[in-house]
Amino acid sequence: MDTSAEALTAAKRAAGYVAADMVEDGMIIGLGTGSTVFYALERLSARISEGLRVSGIPTSFQTARRAQEYGIPLTTLDAYPVIDLALDGADQVDRHLRLIKGRGAALMREKCVAAAALRFAVVIDEQKMVPVLSGRVPVEVIPFAIRPVMTCLRGLGCIPSLRDGIKKDGPVITDNGNFIVDCEFGEIGNPEELEDLFAKIPGVVESGLFCGFTGKTTVIVGNQKKCRIITSADVIP
Ligand code: 5RP
């Protein structure tokens, strides 16, 4: 696997372009957040200038701004509670098409949009395909409950840490006005159970585990030469 920066960029662009080419005229699409899906936006922008008609629902302020720059018309889940296709990136994908998301702190809106979509296209580079999900799982938490939530998260067997801003003093504040807690795990043996356990903690708004969408998910694994496409039909139980 070529892990140079150029190869990575080419792989992300290839995956993003394949995903954008899945979009059909008249569709309402979810617009995820992150560097890989932004290549899908780039390609969509070109297709729109050639006459494609679509509207997108952005999953973050950053994506909304990028979509506006690219001339992609925007709409909302209020107008379209069910949408045709969501495009998004991921931090890790396992062989059952379960995901970890949330490096960009947009996980809550990303999950809402993925849930509303009939199909979910996930764009990644090869390094993100893993045999077993592991490591950091981001969790969005309301500031009011941060102390008791941290205690509960420790009880799940992880090391939680409040995510700090880069060009801001203090914690990251999400687009929804909440904190992000990064939960460091080893290998995650049962991601569905862990996603449910997160959801049961009062004050946890959402977690970055996406286990409930595997049946409608297509993963596009970017490569400079030819992208690999994985759907639920390819998953060996
Ligand atoms: C943002 C996300 C991103 O989709 C995920 O982190 C992948 O980003 P990138 O394509 O830049 O690696 O979940 O919350």
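This chain uses plain numbering: 1 for the first residue, then up along the sequence. Both counts, for ligands and for their atoms, begin at 1 and track the order of listing.
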| message | Please check whether Ala106 reaches ligand 1 - meaning an N/O of the residue sits under 3.5 Å from an N/O of the ligand, judged on distance alone. | response | yes
| message | Only heavy atoms of Glu110, strictly under 4.0 Å: list the atoms of ligand 1 that pass. | response | 1 (C), 2 (C), 4 (O), 13 (O), 14 (O)
| Residue and atom name of the nearest protein heavy atom (relative to atom 12 (O) of ligand 1), distance in Å to one decimal | Lys128 NZ, 2.5 Å
| message | Counting only heavy atoms closer than 4.0 Å, does ligand 1 sit against the backbone of Ala105, its side chain, both, or neither? | response | backbone
| When only distance counts, is Lys12 in polar contact with ligand 1, meaning an N/O pair under 3.5 Å? | no
| Hey, is CD1 on Ile159 packed in by over 12 heavy atoms from elsewhere, all under 6.0 Å? | no
| Glu42 and Arg13: CA distance, side-chain angles, deciding distance, salt bridge (Lys or Arg N to Asp or Glu O under 4.0 Å) verdict | CA-CA 9 Å; Glu42 182 179 272; Arg13 179 180 288 111; 3.8 Å; yes
| query | Can you list the atoms of ligand 1 that are under 4.0 Å from a heavy atom of Gly34? | reply | 8 (O), 11 (O)
| message | Under 3.5 Å, is there a donor on one side chain and an acceptor on the other for Ser232 and Thr214? | response | no
| task | Determine, for Asp125 against Lys12, whether the closest basic-nitrogen to carboxylate-oxygen distance falls under 4.0 angstrom. | result | no
| query | Looking only at heavy atoms, is any part of Asp88 under 4.0 Å from ligand 1, and if so is it the side chain, the backbone, or both, or is it neither? | reply | side chain
| query | Cation over ring, Lys216 on Phe120, under 6.0 Å and within 45°? | reply | no
| To the nearest 0.1 Å, how far is atom 8 (O) of ligand 1 from its closest protein heavy atom, and which atom is that? | Arg103 NH2, 3.2 Å
| field | Atoms in ligand 1 flagged as close to Lys101, the criterion being non-hydrogen separation under 4.0 Å | value | 2 (C), 3 (C), 4 (O), 13 (O)
| said: Taking 4.0 Å as the limit for heavy-atom contacts, which would you say applies to Pro138 with ligand 1: side chain only, backbone only, both, or neither? | reply: neither
| Under the side-chain contact (heavy atoms from CB on, under 4.5 Å) criterion, do Asp164 and Asp169 qualify, and how do the steps go? | CA-CA 7 Å; Asp164 274 328; Asp169 292 344; over 6 Å; no
| task | Identify, by atom number and element, the atoms of ligand 1 in contact range of Gly102, meaning under 4.0 Å from any of its heavy atoms. | result | 2 (C), 13 (O), 14 (O)
| task | Looking only at distances, please establish whether an N/O atom of ligand 1 is found under 3.5 Å from an N/O atom of Gly104. | result | yes
| Atoms in ligand 1 with a heavy atom of Gly89 nearer than 4.0 Å | 4 (O)
| note | The closest protein heavy-atom partner of atom 3 (C) of ligand 1 is Thr33 O, 3.1 Å
| said: Under 3.5 Å, is there a donor on one side chain and an acceptor on the other for Ser60 and Thr33? | reply: yes
| task | Would you please say whether a donor-acceptor pair under 3.5 Å links the side chains of Arg109 and Asn176? | result | yes
| task | Compute the minimum heavy-atom distance from Gly32 to ligand 1 and say whether it is under 4.0 Å. | result | no
| message | Does Lys101 form a salt bridge (Lys or Arg N to Asp or Glu O under 4.0 Å) with Asp88? I'd like the steps, not just the answer. | response | CA-CA 10 Å; Lys101 288 185 49 55; Asp88 209 341; 3.2 Å; yes
| request: Please report which non-hydrogen protein atom sits nearest to atom 10 (O) of ligand 1, along with the residue it belongs to and the distance in Å to one decimal place. | output: Thr36 OG1, 2.6 Å
| said: Salt bridge or not between Arg43 and Asp21? Use side-chain N to carboxylate O under 4.0 Å. | reply: yes
| remark: If you scan protein heavy atoms around atom 6 (O) of ligand 1, the nearest is Asp91 OD1, 2.5 Å
| query | Is the closest side-chain donor-acceptor distance between Ser134 and Glu187 under 3.5 Å? | reply | no
| field | Nearest-neighbour protein heavy atom for atom 11 (O) of ligand 1, which is reported as residue plus atom name and distance | value | Ser35 OG, 2.5 Å
